[in-house]
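Start at 1 with the first residue, then count along the sequence. Everything numeric here is computed off the predicted structure, so don't read it as measured data.
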Amino acid sequence: MNEPNPLQLSAIEARLLGCLVEKESTTPEQYPLTEHAAQLAANQKTSRDPVMALDAGTVAHALRGLEAKGLARRVDGARALRFEHTAARALELPRGQLAALALLLLRGPQTAAEVRARSERMHAFRTVEDVEDVLMSLADRELTMLLERQPG
């Protein structure tokens with residue numbers, strides 16, 4: 001029987017991992033996130049594709065799935081259990097690669113120029129070529145894949 005690939009994430013796990021990475025940079029005063037804050041981040045209507053409507057139980061289950069895969073961990077907070085990502089360490093990703101991966105997890109397929117424009121709060125890429133290099137590095141590790149040009 002084949003073992004499941006630990007990097008194979010469900011759509012919900014992918015969304016939550018992207019949220020944890022994003023919120024670490026964009027709202028550090030609220031990070032690590034409670035389950036409720038993670039649910040709100042995952043269900044955000046802006047900067048997300050597709051928009052989701054996840055319930056608390058689904059979010060809790062997915063956070064534990066990320067924890068089992070070594071991509072998140074629980075942190076005891078003063079009043080509530082909180083979660084933080086461990087993706088940078090677990091996957092040995094520098095900040096730029098982590099930011100690009102998070103944007104892809106949150107918004108789906110994007111061009112290098114779109115990633116550069118949307119990454120400013122997580123990581124400032126100097127050029128589109130820098131983003132292309134990062135995306136190719138992620139693709140070489142099979143964390144992303146290059147899609148051919150689509151019409152439109």
Side-chain angles (χ1 to χ4, degrees), residues 1-125 131 134-135 137-139 141-147 150 152:
M1 189 166 166
N2 289 340
E3 289 292 317
N5 181 346
L7 295 180
Q8 191 70 34
L9 302 179
S10 71
I12 297 166
E13 289 171 336
R15 171 61 57 87
L16 287 165
L17 180 58
C19 289
L20 290 172
V21 173
E22 176 194 49
K23 296 302 182 185
E24 177 188 31
S25 295
T26 61
T27 58
E29 66 283 352
Q30 297 173 2
Y31 188 82
L33 301 180
T34 63
E35 286 181 6
H36 181 69
Q39 179 185 4
L40 293 175
N43 290 337
Q44 214 175 277
K45 293 189 185 339
T46 58
S47 303
R48 306 286 186 263
D49 187 27
V51 172
M52 294 181 166
L54 304 175
D55 62 58
T58 302
V59 169
H61 179 75
L63 286 169
R64 280 158 188 73
L66 288 173
E67 190 176 22
K69 293 173 181 174
L71 296 173
R73 72 181 188 109
R74 295 178 213 204
V75 178
D76 291 323
R79 293 174 293 209
L81 181 63
R82 295 177 173 269
F83 287 84
E84 65 183 6
H85 77 86
T86 56
R89 184 174 48 251
L91 301 174
E92 298 177 356
L93 296 175
R95 190 78 204 148
Q97 288 182 7
L98 185 63
L101 183 60
L103 284 169
L104 294 172
L105 292 172
L106 293 171
R107 293 181 172 218
Q110 299 167 68
T111 65
E114 289 170 326
V115 170
R116 180 174 182 251
R118 295 171 175 163
S119 68
E120 193 66 33
R121 292 177 70 196
M122 288 190 279
H123 181 79
F125 291 101
V131 177
V134 162
L135 294 174
S137 295
L138 291 169
R141 295 185 56 196
E142 298 182 5
L143 295 173
T144 64
M145 61 188 288
L146 176 64
L147 300 176
Q150 305 292 315

From CA spacing to verdict: side chain to side chain contact (heavy atoms under 4.5 Å, CB included), R74, E67: CA-CA 8 Å; R74 295 178 213 204; E67 190 176 22; 2.9 Å; yes
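- Counting all heavy atoms, side chain and backbone alike, F125 lies closest to G96 at CZ-O, 3.3 Å.
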Derivation of the side chain to side chain contact (heavy atoms under 4.5 Å, CB included) call for L9 and L66: CA-CA 8 Å; L9 302 179; L66 288 173; 4.0 Å; yes
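- A heavy-atom distance below 4.5 Å is not found between the side chains of E13 and L17.
- Here the side chains of E22 and Y31 are not in contact, with every heavy-atom distance at 4.5 Å or above.
- Judged as a side chain to side chain contact (heavy atoms under 4.5 Å, CB included), and not counting sequence neighbours, the contacts of A38 are L16, L33, V59, L63.
- Counting heavy atoms from C-beta on, the side chains of R48 and C19 come closer than 4.5 Å.
- T144 approaches A139 most closely through the heavy-atom pair OG1-N, 3.1 Å.
- Counting heavy atoms from C-beta outward, L138 and L93 have side chains that approach closer than 4.5 Å.
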Worked check of side chain to side chain contact (heavy atoms under 4.5 Å, CB included) between L101 and V21: CA-CA 9 Å; L101 183 60; V21 173; over 6 Å; no
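- Of the possible donor and acceptor atoms, none in the side chain of T86 sits under 3.5 Å from a partner among the backbone N and O of A90.
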Audit row: R95, S25, side chain to side chain donor-acceptor pair (under 3.5 Å) steps and yes/no: CA-CA 10 Å; R95 190 78 204 148; S25 295; 2.3 Å; yes
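- R118 places no side-chain N or O within 3.5 Å of a backbone atom of R107 that could act as its donor or acceptor partner.
- Across every non-hydrogen atom of V131 and R116, the tightest pair is CG2-CB, 3.6 Å.
- In this structure the side chain of L91 never reaches within 4.5 angstrom of the side chain of Q97, judged on heavy atoms.
- Judged as a side chain to side chain contact (heavy atoms under 4.5 Å, CB included), and not counting sequence neighbours, the contacts of A113 are T111, V128.
- Heavy atoms only, all atoms of each residue included: A42 and R15 are closest at O-NH1, 2.9 Å.
- R121 places no side-chain N or O within donor-acceptor distance of the main-chain N or O of T27, the cut-off being under 3.5 Å.
- With values rounded to the nearest 0.5 angstrom, L81 atom CG is found 6.5 Å from D76 atom CG.
- To the nearest 0.5 Å, atom CG of residue L105 and atom CG of residue L143 are 9.5 Å apart.
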